[in-house]
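For reference, the structure is listed below as structure tokens.
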Amino acid sequence: MEYMLKVKELNNSMFLKAYILTFGCQQNEADSEKLSGMAEAMGYEIVDKPDDADLIVVNTCAIREHAEQKALSTVGQFKHLKNKKPGLVIAVCGCMVAQEHRQNDIKFRYPYVNFIFGTTALHRFPELLYKNLTEKKRLYHNEEAARTIAEGIPIKRNNGYKAWVSVMYGCNNFCSYCIVPYVRGRERSRRPEDICAEVKELVDNGYKDITLLGQNVNSYGKDADFDCDFADLLDKLASFEGDYTLHFMTSHPKDASRKLIDVMAKHERIAKHFHLPMQSGSDEVLRRMNRRYDTEKYYGIVEYIREKMPECVITSDIIVGFPGETEEDFEETLNMLKKVGFDMLYSFIYSPRKGTPAAEMEDQIPREIQNARFDRLLETQNAIALEKNLPMVGKTVRVLCDGESKTNSETYSGRTEGNKIVFFDGECSDKGKYVNIKIDRAEAFALYGKKIK
Ligand code: SAM
Ligand code: SF4
């Protein structure tokens, strides 16, 4: 707070602009809303183009090599803006620069970047900006995962009816392929009263769709001195007056509890959508991934979800081409896809991450084999998704309208509570509202229908 005021004083009555660019997951989107909130509190107007900005912040991702290369090349493109406007301040933050080798890359290869800070130092953004503006020195800040959680950071939300709410930060799971625990630090749960206050305020302000975020929400509260697990929290959050829907992500199968599924089944306000990353259908690969569940345990959770909520949409994450994955392992994954019948999959080709155990494993899979397996995975899943969507034809579903479709301005689009995209004959005033759509056509990735007036 102190530094936000100081920067505001420095910027006194100048009309300065800030451009904030986000790569990566929903957690990064949520972090960027805080960066925007802080920038606005410091007197910057948030703009959606970098060209005439006075401050550019690039919030980076490290989950796969491709994400890092994209962020680096974007930072590279900002050099010409700095040449044109030497007073431009460029900051790089987020997961990528929480890694020492990437900090060094920025330090030596991008000398025009003013300062960098890792994910656990997000709240230090105003302080670093102030010091850079006043001391004119390049700054590198990567706080070691502090136990503290910074509350009260201003948030500038990008959407007036959908909101992200972080319930916890960090991850303790150390899946052998994943960089997250190294760049986001240990698990820290926010206090339930702070989360309740934030969600209640959103609901009172008319927000319809609220997604609770955590790398593994099932660990919520385990690190804390209060007695409230994620199921208890969800139960409280679903009990406010108002027409809203709660979503959450992500739930780790090793400790997805029956209690959580029971709470979901009990409340209409909790979306009947379970995102349960499986990663692989081979027990041997799961063991080497350090996932700490097997396919039997995974399928047991799916059965309990379907028993309690037969209509629940189940989605998952799959990694293809993990080190040592054999043809048999991969076929077991395809078989699990068919057995579970996922509504949707987020599939990834394994990308070695420096410093993680899997990157050092023998038997890395050649790219051509990874690509061929990836194509087969998509083909199998497309057929399953179509099979799941076809029975929706003729049914009426409630959809939260997102306004005009991005690809065809003559149609409108929205999402079901299970996050399926629906295209329909909407109108301007529908944006941000629930509408009932009668489905008349289904494809693997989309539903089409007409609005019921
Ligand atoms: N915490 C969540 C969980 O455990 O499911 C997921 C977090 S991560 C941002 C999202 C997904 O990225 C993971 O579920 C995994 O499928 C994928 N992923 C993570 N590391 C990866 C890697 N090195 N290569 C490819 N995909 C990866
Ligand atoms: Fe990564 Fe595993 Fe943590 Fe998810 S649970 S963030 S995949 S280490």
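The chain is numbered in sequence order, starting from 1. All ligand and atom numbering here is 1-based and tracks the order in the structure.
The cationic atom of Lys107 (NZ for Lys, CZ for Arg) lies less than 6.0 Å from the six-membered ring centre of Tyr140 and within 45° of the ring axis.
Checked against His252 for a ring-ring contact (aromatic ring centres under 6.0 Å, His included), the options Tyr298, Phe174, Tyr293 give a single hit: Tyr293. For the salt bridge (charged side-chain N to carboxylate O under 4.0 Å, His left out) with Asp402, the lone residue among Lys208, Lys431, Lys433, Lys162 that qualifies is Lys162.
A salt bridge does not link Lys297 with Asp255: every distance from a Lys NZ or Arg NE/NH1/NH2 to an Asp or Glu carboxylate oxygen is 4.0 Å or more. Taking a cutoff of 4.0 Å between a charged side-chain nitrogen and a carboxylate oxygen, Arg102 and Asp105 qualify as a salt bridge.
Here OH of Tyr177 is found 13.5 Å from CZ of Arg353. Values are rounded to the nearest 0.5 Å. In this structure, CG in Leu246 is found 10.5 Å from CE in Met264, a value given to the nearest 0.5 Å.
Closest to atom 7 (S) of ligand 2 among all protein heavy atoms lies Tyr177 OH, 3.4 Å. The protein heavy atom nearest to atom 5 (O) of ligand 1 is Pro277 CG, 3.0 Å. Arg64 NH1, 3.7 Å is the protein heavy atom nearest to atom 12 (O) of ligand 1. Protein heavy atom at the shortest distance from atom 16 (O) of ligand 1 is Gln279 OE1, 2.7 Å. Residue, atom and distance of the protein heavy atom nearest to atom 25 (C) of ligand 1 are Ile349 O, 3.4 Å. Looking from atom 4 (O) of ligand 1 to the surrounding protein, the closest heavy atom is Arg291 NH1, 3.5 Å. In terms of protein heavy atoms, atom 5 (S) of ligand 2 is closest to Asn173 ND2, 3.4 Å. Of the protein's non-hydrogen atoms, the one nearest atom 6 (S) of ligand 2 is Gln215 OE1, 3.4 Å.
Ser257 places a side-chain N or O within donor-acceptor distance of the main-chain N or O of Leu260, the cut-off being under 3.5 Å. The backbone N or O of Asn28 lies less than 3.5 Å from a partner atom in the side chain of Asn59, making a donor-acceptor pair. Put simply, the side chain of Arg184 never gets that close to the backbone of Gln215: no donor and acceptor are under 3.5 Å apart.
Each of the atoms 8 (S) of ligand 2 lies under 4.0 Å from some heavy atom of Phe174. Residue Cys178 has at least one heavy-atom neighbour below 4.0 Å for each of these atoms of ligand 2: 1 (Fe), 6 (S), 7 (S), 8 (S). Each of the following atoms of ligand 2 lies closer than 4.0 Å to a heavy atom of Pro181: 8 (S). Within ligand 2, counting atoms from 1 as listed, the ones closer than 4.0 Å to a heavy atom of Cys171 are 3 (Fe), 5 (S), 6 (S), 8 (S). Heavy-atom proximity to Arg291, at under 4.0 Å, picks out these atoms of ligand 2: 2 (Fe), 7 (S). Distances below 4.0 Å separate heavy atoms of His252 from the following atoms of ligand 2: 5 (S). Interface of Arg353 with ligand 1, defined as ligand atoms under 4.0 Å from a residue heavy atom, comprises 23 (N).
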Task: Criterion salt bridge (charged side-chain N to carboxylate O under 4.0 Å, His left out) on Glu325 and Arg373, from CA distance to verdict - done: CA-CA 11 Å; Glu325 183 190 69; Arg373 286 184 187 161; 2.9 Å; yes
TODO: Could you give me the CA-CA distance, side-chain angles and deciding distance for Asp232 and Lys259, then say whether salt bridge (charged side-chain N to carboxylate O under 4.0 Å, His left out) is met?
DONE: CA-CA 9 Å; Asp232 299 329; Lys259 181 176 166 190; 3.0 Å; yes
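Within the 4.0 Å heavy-atom shell around ligand 1 one does not find Asn216. Between Gln279 and ligand 2 there is no heavy-atom distance shorter than 4.0 Å.
Within the 4.0 Å heavy-atom criterion, both parts of Ser351, backbone and side chain, lie near ligand 1. For Asn173, no heavy-atom contact with ligand 1 is shorter than 4.0 Å. The side chain of Val180, and not its backbone, has at least one atom closer than 4.0 Å to an atom of ligand 2 (non-hydrogen atoms only; side chain from C-beta on).
Looking at Asp317, Thr250, Ile63, it is Thr250 that brings a heavy atom closest to atom 3 (C) of ligand 1. Of the candidates Tyr177, Tyr350, Phe348, it is Tyr177 that places a heavy atom closest to atom 20 (N) of ligand 1. Compare Glu65, Gln215, Met278 by their heavy atoms: the one nearest to atom 2 (C) of ligand 1 is in Gln215.
Phe322 has its side chain out of reach of Ser280: every pair of non-hydrogen atoms, C-beta onward, lies at least 4.5 Å apart.
By the 30° and 60° cut-offs, the orientation of the rings of Tyr220 relative to Phe230 is perpendicular.
Put simply, Cys175 gets within reach of atom 2 (Fe) of ligand 2, with an N, O or S atom under 2.8 Å from it.
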